[in-house]
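Report on one structure; see the data block that follows.
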2 protein chains.
Amino acid sequence: MTRWKIRPLLTLAGVLATFAAAATDQARHEDGGMLGFTPAHAAAQQSLEQRFDAQLDPADQRSWLKQMSSAPNQVGSPHDKANAEFMLAKFREWGWDAHIETFSVLYPTPKKVALQLLGPHPYTAVLKEPVVPGDATSNAAGALPPYNVYGGDGDVTAALVYANYGMPDDYKELARRGIDVRGKIVITRYGAGWRGLKPKLAQEHGAVGCLIYSDPRDDGYAQGDAYPQGGWRPAQGVQRGSVADMQLYPGDPLTPGIGSTPGAKRLAIKDAKTILKIPVLPISYADATPLLQSLTGPVAPSGWRGALPLTYHVGPSTAKAHLTVLSDWSQKPIYDVIAMLKGSTAPDQWIVRGNHHDGWVFGAWDPLAGNVALMAEAKAIGGLVKQGWRPQRTLVYASWDGEEPGLLGSTEWAETHAAELQKKAVLYLNSDTNGRGFLDAGGSHSLQRLVNQVAEGVTDPETHVSVRERMRARMLVEGAGKDAKPEAKANAKLAAAGGDVPIQALGSGSDYSAFLEHLGIASLDLGFSGEDDDGGIYHSRYDSFDHYVRFGDPTFEYGVALSKVAGHIVLRTADASVLPMRFGDFSSTLDRYVGELHKLVDDTRKATEQQHQLLDLHAFALTSDPTRPVAPPARDSDMPAIDLAPLDQAAKRLELSAQTYQAAYDKRAAAGFDMPAAQQQQLNQWMGGMEQALTDPAGLPGRAWFKHFIYAPGMLTGYDVKTVPGVREAIEARRWDEANRYAVVTAKVLDRYGEQLDRLTALLNK
Amino acid sequence: MTRWKIRPLLTLAGVLATFAAAATDQARHEDGGMLGFTPAHAAAQQSLEQRFDAQLDPADQRSWLKQMSSAPNQVGSPHDKANAEFMLAKFREWGWDAHIETFSVLYPTPKKVALQLLGPHPYTAVLKEPVVPGDATSNAAGALPPYNVYGGDGDVTAALVYANYGMPDDYKELARRGIDVRGKIVITRYGAGWRGLKPKLAQEHGAVGCLIYSDPRDDGYAQGDAYPQGGWRPAQGVQRGSVADMQLYPGDPLTPGIGSTPGAKRLAIKDAKTILKIPVLPISYADATPLLQSLTGPVAPSGWRGALPLTYHVGPSTAKAHLTVLSDWSQKPIYDVIAMLKGSTAPDQWIVRGNHHDGWVFGAWDPLAGNVALMAEAKAIGGLVKQGWRPQRTLVYASWDGEEPGLLGSTEWAETHAAELQKKAVLYLNSDTNGRGFLDAGGSHSLQRLVNQVAEGVTDPETHVSVRERMRARMLVEGAGKDAKPEAKANAKLAAAGGDVPIQALGSGSDYSAFLEHLGIASLDLGFSGEDDDGGIYHSRYDSFDHYVRFGDPTFEYGVALSKVAGHIVLRTADASVLPMRFGDFSSTLDRYVGELHKLVDDTRKATEQQHQLLDLHAFALTSDPTRPVAPPARDSDMPAIDLAPLDQAAKRLELSAQTYQAAYDKRAAAGFDMPAAQQQQLNQWMGGMEQALTDPAGLPGRAWFKHFIYAPGMLTGYDVKTVPGVREAIEARRWDEANRYAVVTAKVLDRYGEQLDRLTALLNK
């Protein structure tokens with residue numbers, strides 16, 4: 001652990017002097033100095049961080065994790081409530097002003113699920129995850145059976161069609177082979193995109209039901225030995241999960257845009273657009289195998305083949321499958337634990353830190369490993385308060401409920417407190433799971449510098465270099481080689497330059513969405529991963545304490561590392577003289593995104609011309625084997641001029657504004673941020689509101705809930721981000737007018753941001 | 001079939017007139033006119049080709065295939081000799097001057113093979129391919145058990161290590177994981193490179209034995225349903241094959257460079273460098289599975305994982321394996337069937353056409369589908385002779401024995417008749433297998449125009465466009481998309497330009513090697529493939545007539561198409577006034593290769609710098625998981641300047657020579673090739689010898705048998721070509737001095753070629 005623990009006989013003064021000296025050294029080492037702090041203040045802050053770190057004990061996290069994962073803790077379970085109450089008591093014990101905020105949400109649970117293959121080789125799916133020897137909780141009662149929440153009810157009997165990952169291009173491949181999914185049950189495999197998109201597309205294409213199975217290639221024996229020998233998904237393991245159409249809006253399907261409070265007007269279930277009409281069921285590869293074996297028809301294309309020992313065919317099957325899903329559609333309470341520490345000098349500036357506490361079953365890795373890191377921070381902060389410290393700004397520590405069904409707890413809370421949050425919240429810092437290895441950092445690029453400085457000051461437990469240097473090494477290695485993806489190459493290029501490493505843009509998949517993409521609050525999402533083997537038990541009964549201490553973070557030293565990184569970010573944001581944001585990083589990142597859009601336009605044009613040429617030369621028809629014909633693809637629409645000039649110009653103007661701002665900021669920083677209190681308060685208030693300038697009340701095309709014009713989850717990816725979404729998604733979907741329109745709209749948003757930046761500059765120069 | 005067959009009542013004159021008219025039309029359509037022919041002569045040639053085509057009956061090929069594949073026909077078997085005698089009788093019946101040329105070669109056969117896994121889960125490998133219902137020959141006696149010829153004898157017991165495809169990079173990955181193969185038995189999988197390289201590298205790394213198994217991902221159930229339901233390799237199917245170090249020299253291991261004639265001096269077996277020292281055995285995936293399951297150690301990298309339902313580990317195994325291979329090392333006779341038709345006006349110019357007739361078991365697809373096409377050509381040519389035609393130049397039709405062990409029959413014959421062939425042979429046209437779909441055409445680029453013109457004149461049986469247009473379509477489709485390989489993209493670019501489609505450069509793997517790469521005779525290798533499912537039964541008991549008529553070319557219409565393409569090439573080369581070669585195509589192709597070498601130099605330099613940067617930043621060490629460490633790669637050697645200027649300049653000079661030559665040629669062609677007979681004879685003699693100017697007696701570095709400086713099989717690929725091998729392989733192997741040296745040597749070879757071309761020009765201008 002930290003070195004002062006091994007020198008208990010030094011005098012306090014001596015110890016503090018050592019801290020201060022080391023801290024000043026470290027502060028000097030941070031190039032440019034600690035963002036938002038004067039040098040003296042930075043030294044004190046380093047000292048504070050060391051005292052924070054000193055209280056982080058991996059034994060705490062292990063103990064809390066064991067307790068909280070000791071019984072099923074999904075929404076509506078007794079243990080989910082018990083965990084909330086446990087945390088409430090802890091936060092209060094640590095000196096926080098804490099309460100539980102309850103919401104009543106639609107949360108369907110399965111009453112009956114059944115799946116059979118009929119015909120000459122009948123099979124009844126097991127649909128259960130068996131006990132695993134050595135995994136203590138795997139036989140606990142009270143877990144929900146594997147299911148997908150927010151699918152429709154249904155009792156359907158139909159032939160099967162295999163649709164690979166069930167993504168849009170997969171349906172094109174089926175069409176080219178003359179395979180029609182109307183009236184069929186589609187079987188897809190997990191991976192390559194948001195889970196909910198699979199049944200949504202199946203439904204749009206006329207399927208009557210959808211099955212989603214976990215192929216061992218993606219997270220089973222092909223990745224490593226199956227649990228319990230290794231950490232990967234065993235044959236009867238199932239990935240539960242939400243299939244709500246969260247790209248439309250997350251949260252309670254019945255209360256889009258408003259909190260699920262007692263008086264709130266709720267939609268009728270049948271009118272809720274994010275709930276599917278067809279039944280959906282997740283299944284294991286043990287249950288999927290007989291179904292896949294029943295498929296006839298063409299052999300599946302090579303990218304469709306998993307690791308099961310069979311020939312993958314696209315179908316349809318000659319035998320029919322019978323799928324039954326019947327749910328209890330009642331409301332359930334969810335319990336958000338909210339703990340606050342009022343700021344001493346700027347109480348109306350809030351730093352919000354969140355992680356969810358509900359799992360699908362025991363939730364040891366997802367989410368409790370992240371949640372206990374958050375708790376450790378809260379305990380250590382409480383300890384600092386006992387030592388006499390007080391945050392300048394208000395801290396709000398939250399443990400959300402209902403994330404798994406669809407970011408319910410965070411979204412309903414954010415929608416309920418929207419106005420206050422938009423007025424006060426300067427940062428939302430999220431975590432979800434935590435593993436072992438490398439820091440994943442995503443979020444608003446104005447916070448990139450802060451993340452880098454903090455990561456530089458935290459030591460990686462395994463390699464003993466800084467967390468930042470290990471991030472850099474990972475980016476360099478992953479971006480090397482000819483086969484590296486463009487995103488990885490871009491990261492490697494930036495990492496190789498030697499200074500800050502890039503943080504990633506956020507899409508969706510965890511509780512930051514409502515804050516960043518709906519309310520426009522600058523956000524971060526953090527966690528360690530890369531070396532742990534947790535992916536295989538994701539959303540299954542085997543995401544347990546016993547699994548986590550073997551295959552996750554056995555010593556909890558990475559839990560402590562997460563607490564340090566997140567904690568230091570919270571503390572610095574709470575105490576900085578001027579909020580630790582650097583808008584030039586947003587500006588340069590935006591430049592990069594605009595460059596990507598130009599490349600996207602060029603690549604799309606080239607691909608269109610190439611496809612048209614191939615079609616005009618009958619190349620597809622001539623390469624089709626008449627004994628197993630594949631029709632040519634549908635002709636891509638012609639591509640008119642795409643005018644990105646408005647974006648180019650807005651980006652240029654923004655670059656200038658950012659430079660002018662930086663010059664004014666540096667001048668103020670060199671003078672120790674010496675300015676009247678009211679001016680400093682105004683500065684911080686406006687800085688805290690900058691991210692909102694990247695939103696527009698009208699929202700993105702077709703999904704008004706998503707209001708951020710730079711970061712959004714892809715309509716067709718769900719988890720993965722689409723930056724500059726109004727333009728990028730229009731190009732990708734070949735909606736040319738929309739692309740041109742939203743280049744103008746987005747440019748206006750960027751201009752507003754730039755104007756707000758100019759106001760900051762003027763204020764700095766006053 | 002052809003239309004004249006349906007109009008039997010027309011007068012002969014009318015029919016011939018129709019032929020002539022159609023022929024003249026077609027001749028005019030061939031842009032630039034039929035290469036090497038005057039227009040009137042071209043029209044007659046078209047007519048000749050139609051009369052040739054008219055005699056091609058798919059029923060002949062089906063009947064011969066059935067008979068010749070009706071019993072095992074490997075080297076030394078009774079049926080192999082019977083097939084040779086059958087063909088001898090046929091050639092004579094068709095009017096050819098035919099004989100059998102016998103060679104006595106070293107041909108070891110297995111006396112005893114055994115493989116067991118010892119330890120707690122013992123397993124005795126079956127090592128047999130079972131009978132398959134519906135496959136009539138699958139229970140025939142007289143087949144050799146599955147084995148690899150020219151491996152060493154041995155009785156070894158050792159732990160197993162899995163080495164993926166057993167290629168050089170795979171051993172680097174093992175080394176990085178601290179896995180040592182010394183004293184182990186290496187288990188590799190077929191694919192990604194020449195079979196013989198796998199045990200050769202295992203031996204070089206100190207292994208005591210080598211197993212090669214067929215993973216279902218590569219040619220089993222992952223590709224399509226297993227035989228007999230589909231055409232792919234069943235669980236106990238085995239790929240036999242040679243493991244002789246053919247990159248050193250092919251042919252009889254005991255007679256490098258000379259024919260295995262009665263008086264020839266033979267090496268002692270222990271001194272034969274192309275024979276391995278360690279035992280090698282090919283096995284099925286049914287037999288491989290328990291062995292792979294016994295492996296512990298790190299999980300294999302993702303590119304190492306096949307389609308078996310297990311976690312692939314690199315090893316070593318805790319249990320040991322016991323491998324026994326004992327062979328009968330005696331000599332066997334091989335029977336080359338040689339049939340000749342003496343040319344009427346230029347009998348000392350030879351066109352040699354070859355295919356082998358020996359299989360590993362029944363050899364229906366490999367090689368008999370190709371061999372019966374050759375036979376059909378010989379029959380039809382015999383028919384033309386009966387009709388009164390005589391080739392201008394001498395035709396030599398050969399059916400080789402002993403190809404499977406290592407190109408024995410063709411190599412020994414070529415080495416025996418080396419001087420005569422170098423004096424007389426103007427073309428060697430090879431085929432091996434034949435399937436269904438698209439023409440694969442490789443060879444000397446001076447023959448590219450000829451191949452294109454002929455392919456344009458043959459109709460594809462399925463799509464009814466020309467064979468050339470279907471080649472073009474395939475190249476366009478395979479070269480489209482971002483993930484297409486550079487070679488495919490290059491082909492697509494050339495194909496898209498609309499004129500000739502490129503032919504591929506030849507490496508090795510069939511009987512053209514001795515002619516092209518040892519003697520420097522312009523060569524071609526042809527066959528149809530792409531739609532048939534023959535890859536899975538390659539070199540197994542299931543390459544049978546019954547398999548071929550279901551999954552190969554059921555109607556034999558592609559066998560007829562191959563006879564047409566090969567036959568028309570033979571006839572045109574035999575009868576052209578001036579040999580149908582266009583040296584400008586070689587020159588422009590060489591330009592492309594030199595450009596590739598520049599790119600190779602640049603890419604290698606970039607990759608070296610990148611690797612050094614990553615090493616210097618400790619990126620590999622920092623991304624290694626200490627619980628499953630992977631050491632950094634060995635540091636690549638520094639890369640000095642590589643001077644390709646000699647090649648650039650030689651290519652430029654050659655381009656000029658080619659242009660001057662073409663101008664002189666076109667002038668002569670426009671004047672109907674009107675020149676004194678002696679001048680025309682000299683011209684053809686020099687043209688026929690042009691390819692030899694691309695050879696150097698010293699041969700390539702480390703392998704003097706390979707004398708062609710533009711085309712050679714890769715030392716580390718075996719099948720796949722390395723163009724400009726002296727330079728390219730030196731760069732790839734980081735032998736920088738050798739690269740610079742061979743740039744100069746190759747430039748000199750090209751200059752000699754250019755000078756010879758200038759002599760042709762001078763002769764044309766006389």
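Everything numeric here is computed off the predicted structure, so don't read it as measured data. Proteins come first, then strands; the chains are lettered A, B, ... in the order of their sequence lines, and each starts at number 1.
For A/Phe620, the parts sitting under 4.5 Å from any heavy atom of chain B are the backbone and the side chain alike. Looking at B/Leu308, the atoms closer than 4.5 Å to chain A (heavy atoms on both sides) all sit in the backbone: N, CA, C or O. Looking at A/Gln610, the atoms closer than 4.5 Å to chain B (heavy atoms on both sides) all sit in the side chain, from C-beta outward. Heavy atoms of B/Pro216 lying under 4.5 Å from chain A are absent altogether. For A/Ala607, no part lies under 4.5 angstrom from a heavy atom of chain B. Residue B/Ser302 does not touch chain A at all, counting heavy-atom pairs closer than 4.5 Å. Residue contact with chain B, scored on non-hydrogen atoms closer than 4.5 Å, involves the backbone of A/Leu310 exclusively. Heavy atoms closer than 4.5 Å to chain B are found in the side chain of A/Gln613, but not in its backbone.
Residue A/Arg217 comes nearest to B/Gly306 through the heavy atom pair NH2-O, 3.2 Å, listed as atom of the first residue, atom of the second, then distance. For B/Pro626 against A/Glu531, the heavy-atom pair with the smallest separation is CD-OE2, 3.9 Å. The shortest heavy-atom contact between A/Val299 and B/Gly224 is CG2-CA, 4.1 Å. Annotation for B/Leu614 and A/Ala480: closest pair CD1-CB, 3.7 Å, computed over non-hydrogen atoms.
The main-chain N or O of A/Tyr221 is found under 3.5 Å from a side-chain atom of B/Thr311 such that the two form a donor-acceptor pair. Looking at B/Arg470, its side chain never comes within 3.5 Å of a backbone N or O of A/Thr623 through a donor-acceptor pair.
Residue B/Leu615 holds its CG atom at 11.5 Å from CG of A/Leu476, rounded to the nearest 0.5 Å.
Annotation: salt bridge (charged side-chain N to carboxylate O under 4.0 Å, His left out) contacts involving residues 611-631 of chain A, sequence neighbours excluded, comprise A/Asp616-A/Arg635, A/Asp625-A/Arg628, A/Asp625-B/Arg436, A/Arg628-B/Asp533.
For the pair B/Arg305 and A/Gln223, the minimum side-chain heavy-atom distance is below 4.5 Å. The shortest distance between side-chain heavy atoms of A/His313 and B/Asp225 falls below 4.5 Å.
Options A/Thr463, A/Val477, A/Asp483 differ in how many heavy-atom pairs under 4.5 Å they form with chain B, and the most are formed by A/Val477. The candidate from A/Ala307, A/Gly437, A/Ala222, A/Gly220 with the greatest count of non-hydrogen atom pairs under 4.5 Å with chain B is A/Ala222.
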